[in-house]
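Beneath this line is the structure, given in structure tokens, with notes to follow.
All chains are named by letter (A, B, ...) in the order of the sequence lines, taking the proteins before the strands, and each is independently numbered beginning at 1.
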Amino acid sequence: MSGDHGHRDSQVVSCGANGRETQKHRDKHKDKDHKHKDHKKEKGDKIKHSNSEHKEHSEKKHKDKEKLKHSNGGSDKHKEKQKDKDKKREEKSKSSHSEKPKKEKENGYVGETSPAAIKSEPEENNGFYPSPQHKPPKREYDDEEFENKPKKVKVELDKKAKKRKYEYEDDEEEEDVKHKKKSKDKKAAEGKKAKKEAEDKWKWWEEERYTDGSKWRFLEHKGPVFAPAYEPLPEKVKFYYNGKPMKLSPLAEEVATFFAKMLDHEYSTKDIFRKNFYKDWRKEMTSEEKSIITDLNKCDFSELNEYFKAQSEARKQMSKEEKQKIKEENERLLSEYGFCVMDNHKERIGNFRIEPPGLFRGRGDHPKMGMLKRRIRPEDVIINCSKDSKHPKPPPGAKWKEVRHDNKVTWLASWTENIQGSIKYIMLNPSSRIKGEKDWQKYETARRLKKCVDRIRTQYRDDWKSKEMRIRQRAVALYFIDKLALRAGNEKEEGETADTVGCCSLRVEHIKLFPKMDEQEYVVEFDFLGKDSIRYYNKIPVEKRVFKNLQLFLENKQPEDDLFDRLNTSILNKHLQELMDGLTAKVFRTYNASITLQQQLKELTCSDDSIPAKVLSYNRANRAVAILCNHQRAPPKTFEKSMQNLQTKIDEKQNQLSAARKQLKAAKANHKASHDDKSKKAVEVKRKAVQRIEEQLMKLQMQATDREENKQIALGTSKLNYLDPRISVAWSKKWGIPIEKIYNKTQREKFAWAIDMAEKDYEF
DNA sequence: GTTAGAACTTAGAAAAGCGACT
DNA sequence: AGTCGCTTTTCTAAGTTCTAAC
């Protein structure tokens with residue numbers, strides 16, 4: 001593992017201690033948060049104060065040794081800006097609320113009109129993209145590919161490239177068909193269809209990329225699908241206030257149903273959630289309702305809740321035909337709105353439905369949980385498409401907010417969401433060219449890092465000794481990012497989101513230093529909430545120099561002060577950019593994840609293992625990465641039970657095995673006695689049976705191990721986002737493992753480029 | 001150099017789908 | 001046919017990074 005230095009191995013092991021955050025822990029954090037907030041309320045003055053204190057102190061201490069450029073202004077400024085922004089936001093949301101026409105039938109449904117289907121290949125060559133009929137120039141995908149400033153790729157025709165196509169897809173089709181035991185006719189028809197589809201699959205990775213920063217030349221789509229209009233509750237389903245039935249106005253009723261649907265969820269018991277909901281609910285009430293409803297605790301939504309439960313029950317109980325009808329309708333919607341035409345190719349859209357209104361559910365202790373996520377109307381939506389395309393039609397009687405033609409971006413539609421004020425986008429599916437190219441490029445950047453990571457590591461180790469505080473901080477932070485695969489850690493606006501951190505935003509309270517712990521020296525304990533409020537807990541021994549630096553960074557700071565007070569992601573990334581073109585903090589995560597997979601696969605795969613055993617090895621390698629990246633999940637609710645079931649199966653199989661063995665023995669004895677052909681055959685039959693059962697048992701045991709080890713670990717995220725798929729493809733080719741064992745259909749679609757191009761000797 | 005906004009990737013939970021078993 | 005348990009798909013929140021404007 002040339003690019004990897006020793007620390008990785010210990011990491012994989014030591015990370016195993018990461019536990020999922022327990023309720024207790026969450027509560028602990030909550031308390032801390034309160035303290036924290038109270039403290040930070042006076043941040044404006046206090047920080048200045050404490051910072052200048054810190055400055056003074058530091059300067060006293062390191063005056064001669066260290067050049068301390070400390071800009072500390074901005075606290076007050078920041079506070080003011082913050083206020084301004086808040087005000088603006090409030091006004092914005094107020095106006096959007098009051099401007100909202102009270103009755104809008106067209107709100108939320110798709111136009112009835114169903115114009116001609118999207119042509120899958122437009123006749124005229126609208127863009128300048130080479131059409132598939134013209135043989136595309138083949139791309140070379142060696143290391144030099146995907147430089148940051150893309151160069152023109154040699155134009156060179158390759159007719160053979162087409163031959164080797166989609167072996168996997170074909171295999172699978174056949175398998176599927178066999179499995180379902182379709183009639184011969186159907187089988188033949190499907191086979192043909194599959195072939196045709198495979199032929200139509202476009203290998204964008206064999207074509208040139210745009211070099212001018214544009215993302216497409218031609219883009220045509222039908223616009224997003226809006227959430228269905230609100231259907232008022234039937235008369236008999238009643239909301240009660242203070243024990244008395246009360247008919248709500250449609251708007252207030254709709255918001256009430258959002259809450260009623262969540263009654264069984266823990267959310268609805270949380271104070272902040274209830275408070276936020278109540279506040280936003282009141283905004284939708286008529287003045288009369290407002291005057292009556294004054295206490296959320298006196299509201300009784302239970303009948304509403306039961307009504308929705310009954311409805312979903314009824315949906316489950318529907319007849320086959322009805323279900324089929326719904327399915328067909330969904331398919332129709334998908335085929336009409338789920339695709340677009342980008343540069344002569346029909347591409348799948350990732351999310352073609354606009355998010356329906358509801359109550360905001362943040363992750364972790366989110367200050368905005370329970371707020372009303374308002375309904376998006378066509379008037380809120382910006383459409384992006386090419387000028388010369390057939391523009392999407394807004395629903396009848398409605399208008400788009402804007403139609404623009406910006407081919408420097410990849411989105412088809414966007415709107416501004418009212419909780420954080422951020423923009424949401426309609427974009428293409430991961431299998432699309434535009435996403436795939438970017439993904440490929442990401443791994444190429446990580447591979448470039450592999451080539452220079454030794455140099456960078458030497459450099460940051462050197463920087464631990466720097467005279468400048470900011471450089472030492474940068475170097476220690478980078479070390480964490482590299483060694484522990486931490487995220488960059490941008491600053492976040494306080495009170496806007498849950499209190500989570502990444503590397504650069506770590507606070508004093510998130511680490512503990514132990515000069516000695518058990519057998520080890522210089523141990524750092526990390527305990528913080530990262531992205532999605534997932535707890536990161538880890539104890540690792542670090543080098544003495546790192547340890548000493550951390551002690552220095554901690555000096556004279558409060559628990560809620562930043563550990564790296566002279567560092568942020570922008571400074572860090574600027575530095576990284578100088579070390580390598582295209583290098584940013586997250587590249588380390590990609591690099592370390594992929595290199596770990598490759599190395600673990602090498603280590604764990606035994607050539608004479610069976611296929612299931614090899615797949616287990618693969619999953620274990622995948623797991624090592626997931627642990628490194630701290631990808632956790634809540635243990636499945638039925639975990640214990642499902643483990644038990646599996647164990648029962650194993651026990652049964654074991655009994656079967658001993659029975660089969662006994663029979664084999666008997667058959668052997670019989671054969672010894674009689675020496676005839678018949679008894680010989682019987683022995684063979686029994687021997688085979690034993691073998692088969694042994695295999696089955698192994699497989700079950702394998703499954704059990706895999707599942708047990710996977711209890712709290714989510715493999716999907718790393719598989720989908722961090723592991724260069726070519727490593728997996730190469731591995732599967734090398735060992736003759738069908739790719740279906742590693743990648744499901746969706747994943748194979750996303751990684752089609754890798755499946756097509758990686759050979760068994762591919763090296764990350 | 002700071003900050004806000006835009007664009008895009010990464011993330012886990014929940015819903016939906018589906019095959020095996022009863 | 002209905003239920004169960006697992007897998008896949010969908011959903012959308014929450015990150016990172018880049019850019020442009022001061």
- Hey, could you give me the CZ/CG distance between A:R507 and A:D562, rounded to the nearest 0.5 Å? 7.5 Å

- Message: Is A:T638 close enough to C:dG5 that one of its side-chain N or O atoms is under 4.0 Å from OP1 or OP2 there?
- Response: no

- Query: For A:R748 and C:dT8, is the shortest distance between a side-chain N/O and OP1 or OP2 below 4.0 Å?
  - Reply: no

- Note on the structure: Rounded to whole Å, CH2 of A:W415 lies from C1' of B:dA7 at a distance of 14 Å

- Distance (rounded to the nearest 0.5 Å) between A:K215 NZ and A:N407 CG: 9.5 Å

- Using a heavy-atom cut-off of under 4.0 Å over every strand shown, decide if A:Y425 touches base, sugar-phosphate, or nothing. base

- Roughly, in whole Å, what's the span from CD in A:Q747 to C1' in C:dT8? 9 Å

- Query: Between A:Y743 and A:F751, how do the two ring planes meet: parallel, tilted or perpendicular, split at 30° and 60°?
  - Reply: tilted

- Item | First of A:K373 and A:S642 reached from the 5' end of DNA chain C, by closest nucleotide | A:S642

- Message: Is A:H265 close enough to B:dA13 that one of its side-chain N or O atoms is under 4.0 Å from OP1 or OP2 there?
- Response: no

- Using the ring of each side chain (for Trp, its six-membered ring), is A:F226 parallel, tilted or perpendicular to A:W400, with breaks at 30° and 60°? parallel

- Task: Let me know, please, whether A:K408 or A:K649 comes out on the 5' side of the other along DNA chain B by nearest nucleotide.
- Result: A:K408

- Message: Check this one for me: any side-chain N or O of A:Y722 less than 4.0 Å away from OP1 or OP2 of B:dA11?
- Response: yes

- Message: Using a heavy-atom cut-off of 4.0 Å across all strands, would you classify A:P430 as base, sugar-phosphate, or nothing?
- Response: nothing

- Query: Taking OP1 and OP2 of C:dC6, is either one under 4.0 Å from a side-chain nitrogen or oxygen of A:R707?
  - Reply: yes

- Task: Kindly point out which of C:dT12, B:dA7, B:dT9 is positioned nearest to the side chain of A:K435?
- Result: B:dT9

- To the nearest angstrom, how far is A:K424 atom NZ from B:dA6 atom C1'? 14 Å

- Determine the contact category for A:K215: base if any of its heavy atoms lies under 4.0 Å from a base atom, sugar-phosphate if only primed atoms, P, OP1 or OP2 are that close, otherwise nothing. sugar-phosphate

- Task: Name the closest nucleotide to the A:M427 side chain, picking from B:dT10, B:dA6, B:dC8.
- Result: B:dC8

- Whole-Å distance between B:dA7 C1' and A:I426 CD1? 14 Å

- Task: Select from A:H631 and A:T410 the residue whose nearest nucleotide in DNA chain B is closer to the 5' end of that strand.
- Result: A:T410

- Query: Is any side-chain heavy atom of A:L583 closer than 4.5 Å to a side-chain heavy atom of A:F588?
  - Reply: yes

- When we call it a touch if two heavy atoms are under 4.0 Å apart, what does A:K323 touch: a base, just sugar-phosphate, or nothing? nothing

- Message: In whole Å, I'd like the distance from the CD1 atom of A:I742 to the C1' atom of C:dT8.
- Response: 17 Å

- Query: Rounded to whole angstrom units, what separation is found between the CG atom of A:L359 and the P atom of B:dA14?
  - Reply: 15 Å

- Query: Do A:L572 and A:I481 touch side chain to side chain, with heavy atoms closer than 4.5 Å?
  - Reply: yes

- Task: Using a 4.0 Å heavy-atom cut-off, write out nucleotides 15-22 of chain C from 5' to 3' as B (base contacted by protein), S (sugar-phosphate only) or - (no contact).
- Result: SBBS----

- A:K641 atom NZ is separated from C:dC6 atom P, nearest whole Å, by 9 Å

- Message: Suppose we call two aromatic rings close when their centres sit under 6.0 Å apart. Are A:Y536 and A:H510 close by that rule?
- Response: no

- Note on the structure: A:K442 has its side chain closest, among C:dC6, B:dT10, B:dA6, to B:dT10

- A:K325 atom NZ: more than 12 heavy-atom contacts under 6.0 Å: no

- Gap between atoms CZ and C1', on A:R361 and C:dC11 respectively (whole Å): 10 Å

